[in-house]
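Below is one structure, written out as structure tokens, with a few remarks after it.
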Amino acid sequence: MSKQKHCLTARKCFFGEAGNDIVPSRKIAAALPDNIQINGICSHTPRSTTMSELRVRFAPSPTGYLHVGGARTALFNWLLAKNRGGTFILRIEDTDVERSTKESVDAILEGMKWLGLDWDEGPFYQSDYFPLYKEYVQKLVASGKAYKCYCTAEELDARRNLAMAEGRKPKYDGSCRDRADQPDDQPHVIRFRAPQGGATSFDDLIKGTITFPNEELDDLIIQRTDGTPTYNFCVVIDDATMRITTVIRGDDHVNNTPRQVQLYEALGFPVPQFAHVPMILGADKARLSKRHGATSVISYRDMGYLPEALCNYLVRLGWSHGDDEIFSREEMIAKFDISNVGRSASVFNTEKLNWLNAHYIKSSHPERLAALLLPHLSIREVSTLNGPDLVAVVKTLQERAQTLEEMAERAVFYYNAPVAYDDAALAKFDKELLLAVFTAVIEKLSSTSVADESEIDALFKTVCSENSWKMGQVGQPVRIALSGGTHAPGIGEIVVTLGVEETIRRILAAREFVAAK
RNA sequence: GUCCCCUUCGUCUAGCCUGGCCCAGGACACCGCCCUUUCACGGCGGCGACACCGGUUCAAAUCCGGUAGGGGACGCCA
């Protein structure tokens, strides 16, 4: 990803470039405190920045890893940007300094990179722009659209609990709304003076028109006692100054949207379009969480899923294109459209993910799979240095593995000769038969110089016909001798991959084991 | 409690806007058969849903109203 270089220039663009008057970006620049310097006009000139150019963003808060829900939101944003030739921006919402961590930022970036969701601008960190937000807060205060509130958190909590207990809406009662004296030297927050009466509505690209009575909306805090800005305020400033045209985010934000719309209006910013994507639920239909198992994107990588499989799974969760199920990256981009995103929540289903993963494993290049398999083998302390070529091994396993973890598990026997055999499977054959089969196969194998699979298969057929054995009586014991069990690739494949020499060695060992019983 | 949103097979969904082609199509899972030296792959078939109640209409999954259920939000978190 050549993003880093891009980011540096793009960062300046955060404040807008010459000739762009869609959003008062110049004003932002003018309002900027001295410690955020803009070096003249940005040298990075993006493709024509007209109002019609789509600009979307993914704005995670770094308080944990990238989970599948966030990943899907990011994917939808990315897809729409690619589909429309727009710009995808990554913004880290770390205004909660207490809970935001560098580790989370790294984990999120790692997850996005693994999924192949590259961004055109950013990552921008809201914590870098506190002075900017403060400027806007001051503007609002100066124009009377925001005011100082001296109620303490404790008082507010008490009032909220009381309201809840009495069955009332727990909204701010407006005690300080019209307070005459507004001393600066006493601890206070800044609240937005929300319009009273009437209603606020917006047209959601997914859910349609949503209207909230202004009654329901109280005066939200835009600046904390410690002077830091709050989420709902920062998003508005950022989305406006970054000239975001379409906000695609989780369903859980619809309730925040009317307040944000009011803020856009109070600030004189154009209101972007909104698209709220439904939640992803667990099997019990409750919001997906850790107790439902893995939710981190990276944990899916570690469990042996291919990024294209996860993307394909995620894109079909809530979105569809007729009866299509398999989408290459290009097809996804070409076919993606917000209007085909469903309105209801969907349940995360690992089994379908497994099916897709198996599909992509089957159609991947064995060389790539071999490389991806290495870490899964090393955690099993399996060395591929002395043994068959891993690519050849992968070819015998591709058709039968749903995940790389499963493939690694099934690959172990190629490198570590069985130390034990599946007793139940072995017990299906007489001791005499086993010894005779092993002897006959060893004999045939050592007297023939065979190389390919069909020759090996022919050799086994010959052994069968010469001794009036059925294939099941020969193949199965040999499979157990070679792999230790019955869940394995075809005999021909194993022998060719393992090599005749190693094959004989293993059958010899199995014969000794049976003889000693 | 209040507000907002949602509701087609077990799950993901098509169809709904522009009623009839839908006694509802596809996919995953499940079951059966075929293929097969094992495990898989693959092929074929089966099971299985319009939340409920009213209304409009010659005709409703599709339009209207209500009910129920589920989810979300209500923070000096994001």
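Note that this is a predicted model, so its numbers are computed, not measured. Order of the sequence lines sets the chain letters (A, B, ...), proteins ahead of strands, with each chain counted from 1.
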Which word best sums up how the rings of [X] and [Y] line up, parallel for under 30°, tilted for 30 to 60°, or perpendicular for over 60°?
{"X": "A:H321", "Y": "A:F327", "result": "perpendicular"}
{"X": "A:F274", "Y": "A:Y264", "result": "perpendicular"}
{"X": "A:F348", "Y": "A:Y300", "result": "tilted"}

Open item on the list: Looking at B:U37, I'd like to know if its phosphate oxygens (OP1 or OP2) sit under 4.0 Å from a side-chain N or O belonging to A:K461.
Closed with: no
Open item on the list: Is the positively charged end of A:R191 above the ring of A:Y172, judged by distance under 6.0 angstrom from the centroid and angle within 45° of the axis?
Closed with: yes
Task: Axial cation check for A:Y150 ring with A:R179, 6.0 Å and 45° limits - done: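 Verdict for A:Y150: a cation-pi partner in A:R179.
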Task: Expected output: side-chain A:E455 to main-chain A:D452 donor-acceptor under 3.5 Å - done: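 Such a contact is found between A:E455 side chain and A:D452 backbone.
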Task: Short side-chain to backbone donor-acceptor contact, A:N467 and A:V463, under 3.5 Å - done: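 Looks like yes, one N/O pair under 3.5 Å.
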Paired with [N]: which nucleotide, if any, by Watson-Crick or G-U wobble criteria at under 3.5 Å for both distances?
{"N": "B:U62", "result": "none"}
{"N": "B:A40", "result": "none"}
{"N": "B:G75", "result": "none"}
{"N": "B:G69", "result": "B:C6"}
{"N": "B:G46", "result": "B:C30"}

What's the [atom1]-[atom2] distance between [X] and [N], to the nearest Å?
{"X": "A:Q476", "N": "B:U36", "atom1": "CD", "atom2": "P", "result": "16 Å"}
{"X": "A:M279", "N": "B:U7", "atom1": "CE", "atom2": "P", "result": "15 Å"}
{"X": "A:I491", "N": "B:U36", "atom1": "CD1", "atom2": "P", "result": "17 Å"}
{"X": "A:F327", "N": "B:C28", "atom1": "CZ", "atom2": "C1'", "result": "15 Å"}
{"X": "A:N312", "N": "B:C28", "atom1": "CG", "atom2": "P", "result": "13 Å"}
{"X": "A:F274", "N": "B:C5", "atom1": "CZ", "atom2": "C1'", "result": "16 Å"}
{"X": "A:I361", "N": "B:C39", "atom1": "CD1", "atom2": "P", "result": "20 Å"}
{"X": "A:L281", "N": "B:U7", "atom1": "CG", "atom2": "C1'", "result": "12 Å"}

Can you tell me, in whole Å, how much space there is between the [atom1] of [N] and that of [M]?
{"N": "B:G26", "M": "B:U8", "atom1": "C1'", "value": "13 Å"}
{"N": "B:C31", "M": "B:G69", "atom1": "C1'", "value": "31 Å"}
{"N": "B:G48", "M": "B:G25", "atom1": "P", "value": "12 Å"}
{"N": "B:G15", "M": "B:C9", "atom1": "C1'", "value": "14 Å"}
{"N": "B:G19", "M": "B:C12", "atom1": "C1'", "value": "27 Å"}
{"N": "B:G20", "M": "B:A59", "atom1": "C1'", "value": "6 Å"}
{"N": "B:G70", "M": "B:U11", "atom1": "P", "value": "15 Å"}
{"N": "B:C5", "M": "B:G42", "atom1": "P", "value": "43 Å"}

Which is true for [X] with a 4.0 Å heavy-atom rule: it touches a base, it touches only sugar-phosphate, or it touches nothing?
{"X": "A:K470", "answer": "nothing"}
{"X": "A:P278", "answer": "nothing"}
{"X": "A:I210", "answer": "sugar-phosphate"}

TODO: Hey, which sits more toward the 5' end of RNA chain B by its nearest nucleotide, A:P489 or A:T211?
DONE: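 By nearest-heavy-atom nucleotide position, the 5'-most residue is A:T211.
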- [ ] Nearest-nucleotide wise, let me know which of A:I206 and A:R479 is further upstream toward the 5' end of RNA chain B.
- [x] A:I206
Open item on the list: Which residue in the set A:D238, A:T228, A:D96, A:D94 passes side-chain hydrogen bond (donor to acceptor under 3.5 Å, both in side chains) when paired with A:Q126?
Closed with: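 Testing each of A:D238, A:T228, A:D96, A:D94 against A:Q126, the sole residue satisfying side-chain hydrogen bond (donor to acceptor under 3.5 Å, both in side chains) is A:D238.
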Task: Distance-only side-chain donor-acceptor flag, A:T246 / A:Q273, under 3.5 Å - done: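 A:Q273 and A:T246 do not have a side-chain donor-acceptor pair below 3.5 Å.
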- [ ] Verify whether one side chain among A:D173 and A:S175 offers a donor that lies under 3.5 Å from an acceptor in the other.
- [x] yes
- [ ] Establish whether the base of B:U2 is bridged to the side chain of A:R168 by a donor-acceptor pair shorter than 3.5 Å.
- [x] no
- [ ] Confirm from the modelled atom types if A:R400 and B:C39 form a donor-acceptor pair under 3.5 Å, side chain to base only.
- [x] yes
- [ ] Compute the ring centroids of A:Y421 and A:F513, then answer whether they are less than 6.0 Å apart.
- [x] yes
Which pairs would a plain distance check flag for residues 485-497 of chain A, meaning a side-chain donor or acceptor within less than 3.5 Å of a matching protein atom at least two apart in sequence or in another chain?
{"residue": "A:E493", "atom": "OE1", "partner": "A:R400", "partner atom": "NH2", "Å": "3.0"}
{"residue": "A:E493", "atom": "OE1", "partner": "A:G490", "partner atom": "N", "Å": "3.1"}
{"residue": "A:T497", "atom": "OG1", "partner": "A:E493", "partner atom": "O", "Å": "2.6"}

Open item on the list: Anti or syn, where syn is a glycosidic angle within 90° of 0; which label fits B:C64?
Closed with: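 Classified anti.
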Open item on the list: Strictly under 4.0 angstrom, non-hydrogen atoms only: write out the protein contact profile of nucleotides 11-18 of chain B, one letter per nucleotide from the 5' end, B, S or -.
Closed with: SBSS----
- [ ] Sugar-phosphate means primed atoms, P, OP1 and OP2; the rest is base. With that split, encode nucleotides 73-78 of chain B 5' to 3' as B, S or - using protein heavy atoms under 4.0 Å.
- [x] SBSBBB
